[in-house]
Protein chains: 2
Amino acid sequence: MPDRRTERHEQTREEILTAAWGLARGQGVTGWTLREVAQAVGMRAPSLYVYFASKDAIYDAMFAQGYRELAARLAAMPELDDPVDRLRAGARMFLDFVVEDIARHQLLFLPVVPGFEPSSGSYAVAEQVLEELRSVLLEAGIDGQSSLDLYTALISGLATQQVSNEPGGTRWIGLVDQALDMYLASELPASDARHR
Amino acid sequence: MPDRRTERHEQTREEILTAAWGLARGQGVTGWTLREVAQAVGMRAPSLYVYFASKDAIYDAMFAQGYRELAARLAAMPELDDPVDRLRAGARMFLDFVVEDIARHQLLFLPVVPGFEPSSGSYAVAEQVLEELRSVLLEAGIDGQSSLDLYTALISGLATQQVSNEPGGTRWIGLVDQALDMYLASELPASDARHR
DNA sequence: GTCTATAAATGGATAGAC
DNA sequence: GTCTATCCATTTATAGAC
């Protein structure tokens, strides 16, 4: 039952989030204010409260939006037959996703916004993405919590080093194949880890 | 030439930094104010400016102090004959160091304080620690920028996952031996990577 | 739905008396 | 060196007119 009213409302919410993302990218995740967001969408700050209950609510919507985008890219990936190829392609996609937006990386993966905790609804989106990763690993024959945790540490470690020490560069994310060779040689039950 | 005057001055600076660390641990790296620090040391906020030129100057001193502490722990490590043993011990030390203080981890290793850049002097301390790591790897027979970068990504990845997703736990940092086995099997030129 | 006006608070930082 | 007083900017958020 999305009548015109609620449709327009949702559209304005999107505009606000887009403006917030733009400011977050330019000035850091926590470096923007409601006034600035309002100005960017042609409003005054108080009007934002029609669309979001608080600044944290905006953060929460951004968090969910970020994970939905990640899920979408996961879903849009080419269907590769070899599960190991899928794992490699997924890792590259993830690293591209992370380094293209430092603010998003911090909001989604690091506890940098004081006091912000994603709502259960937003957190569910994040969980879903992790669940997909688990199944890709499983299809590749890699099972168990510790193997999954080692994988997330390795790949997210590349990402975090990259954006923390050389934003915009490729010094760490360029090591993804080397990292995956290392990981697969160790975690893959049987033979051929090498596919490029 | 440290007369009583400057000695006392330095002592007060230390007190201020200790108070700032305490607040940062309790309320997040960016979650404390000059007023709170001042109160913690029995002063009013303006008096802090006798000891530090700005809040960023306090961050800078904390940054240098954090890395000096890390360097000190590095220096205090038992002298193990096997370079691979030294590497393993160093990794465990580093992970303990990181997880015992989330605020310090964020300040030293992640770009979470908007606008803060360490001064060249403070940055030099950080560089020195990294240089030590480079030499430990080299003694183990591991050379080259990419091997070093892969190592930092792997170990810091474990640390960051731990403090971001399960602060206080051991789910990721407990994988350090598994991670090092994996790393050494891949990067060590010759045979035995396994020592425990 | 958007505005003006403003609350109510907080922030870092400075001036100048003591 | 420490204080009071205060500046000045800024913040999130609310009340109520239009």
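Model, not experiment: these values are computed from the prediction. All heavy atoms count here, side chains included; hydrogens, waters and symmetry mates do not. Throughout, protein chains are lettered first and strands after them, A, B, ... in sequence-line order, and every chain is numbered starting at 1.
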Original post:
Mapping A/Pro46 and B/Thr12 to their closest nucleotides on DNA chain D, which lands nearer the 5' end?
Top reply: B/Thr12
Original post:
How about B/Glu69: does its CD atom have over 12 heavy atoms from other parts shown lying under 6.0 Å from it?
Top reply: yes
Subject >> A/Gln106 (side chain) donor-acceptor with B/Pro111 (main chain) under 3.5 angstrom >> reply: yes
Subject >> Separation of atom CD in B/Glu36 from atom P in C/dG12, rounded to whole Å >> reply: 9 Å
Original post:
When the distance from CE of B/Met43 to P of D/dT2 is rounded to whole Å, what number comes out?
Top reply: 4 Å
Subject >> Rounded distance in Å - CD (B/Glu15) to P (D/dT2) >> reply: 10 Å
Subject >> Between P of D/dA13 and CG of A/Asp56, the distance in whole Å >> reply: 8 Å
Original post:
Of the candidate nucleotides D/dT2, C/dG12, D/dA13, which contains the atom at the shortest distance from the side chain of B/Val50?
Top reply: D/dT2
**OP:** Report yes if at least one side-chain N or O of B/Ser47 is closer than 4.0 Å to OP1 or OP2 of D/dC3; otherwise report no.
**Re:** yes
Original post:
Which part of the nucleic acid, if any, lies within reach of B/Ser54 when heavy atoms closer than 4.0 Å are counted: base, sugar-phosphate only, or nothing?
Top reply: sugar-phosphate
Subject >> Nucleotide C/dT14, atom P - distance to CG of B/Leu48 in whole Å >> reply: 13 Å
Original post:
Just to confirm, is there a sub-4.0 Å distance from OP1 or OP2 of D/dT2 to any side-chain nitrogen or oxygen of B/Tyr51?
Top reply: yes
Subject >> Length of the line joining A/Ile58:CD1 and D/dT11:P, which is rounded to integer Å >> reply: 13 Å
Original post:
For D/dT12, does OP1 or OP2 lie under 4.0 Å from any side-chain N or O of A/Arg35?
Top reply: no
Original post:
Can you tell which of A/Glu139, A/Glu132, A/Glu79 makes a salt bridge (Lys or Arg N to Asp or Glu O under 4.0 Å) with A/Arg86?
Top reply: A/Glu139
Original post:
Phosphate oxygens OP1/OP2 of D/dT10: is one of them under 4.0 Å from a side-chain N or O of A/Thr33?
Top reply: no
**OP:** Hey, can you tell me if A/Tyr59 and A/Phe116 have their rings parallel, tilted or perpendicular (30° and 60° cut-offs)?
**Re:** tilted
Subject >> Sidechain-backbone polar pair: B/Tyr123 side chain, B/Glu117 backbone, donor-acceptor under 3.5 Å >> reply: no
Subject >> Nearest-Å distance for atom pair OH/P, residues A/Tyr49 and C/dT4 >> reply: 16 Å
Original post:
Separation of B/Arg44 atom CZ from D/dT4 atom P, in whole Å?
Top reply: 4 Å
